[in-house]
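Just below is one structure, and these are the notes that go with it.
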Amino acid sequence: MNKIGPAAFLSRRRIRIMFGIVNSAGQFVSQHISSVSQMIASAIAYTKGMEDARIQVVEERGVFFLQGYAPTAAAIEEAGRIAASIAGACICNRIEPAS
């Protein structure tokens, strides 16, 4: 059986912290944020009337940014409502009307 000494454990923990946010349970918080971004993007993409919208969801420091283009002002507002229903108040809507 291979024993891991304290130095090896600390070294592994540092590597994990370098490449993602680790909560107190040792799980990657960034994986959760990524899945929330994917949930928002999927919900917007599958909403009726959003077929012509080109929207990306980007997370930065806990805020979800909606970027891209939507066909109407109503579609822009709807995308913001959808995102807020999933992620709460941490939404910045940067969607522009398509020309």
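Computed from a predicted structure; not experimentally measured.
Within the 4.5 Å cutoff, the side chain of Gln67 has no heavy atoms near those of the Ile55 side chain. Within the 4.5 Å cutoff, the side chain of Ile82 has heavy atoms near those of the Thr47 side chain.
Counting all heavy atoms, side chain and backbone alike, Ala98 lies closest to Pro71 at CB-CA, 4.4 Å. Nearest heavy-atom pair, Met50 versus Ala75, reported as atom, atom and distance to 0.1 Å: CE-O, 3.4 Å.
Remark: the backbone N or O of Arg61 is paired with a side-chain donor or acceptor of Glu59 at under 3.5 angstrom. The main-chain N or O of Val36 is never found under 3.5 Å from a side-chain atom of Gln38 such that the two would form a donor-acceptor pair.
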### Task
Test side-chain contact (heavy atoms from CB on, under 4.5 Å) on Leu66 and Ile44 and set out the steps.
CA-CA 10 Å; Leu66 306 179; Ile44 291 171; 4.3 Å; yes
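The structure places CD1 of Ile95 at 11.0 Å from CD of Gln56, a figure rounded to the nearest 0.5 Å. Note that the OG atom of Ser85 and the CE atom of Met39 stand 8.5 Å from one another [nearest 0.5 Å].
Partner of Phe64 under the side chain to side chain contact (heavy atoms under 4.5 Å, CB included) criterion, out of Val57, Asn93, Val58, Ile86: Val57 alone.
Cluster annotation: Ile91 is not connected to Tyr69 through the hydrophobic network of ILVMFWY side chains, with a link wherever side-chain heavy atoms come within less than 4.5 Å.
Within the hydrophobic cluster formed by Ile, Leu, Val, Met, Phe, Trp and Tyr side chains joined at under 4.5 Å, directly or through other members, Val63 is accompanied by Phe65.
For Arg81, the side chain to side chain donor-acceptor pair (under 3.5 Å) partners at least two apart in sequence or on another chain are Glu78.
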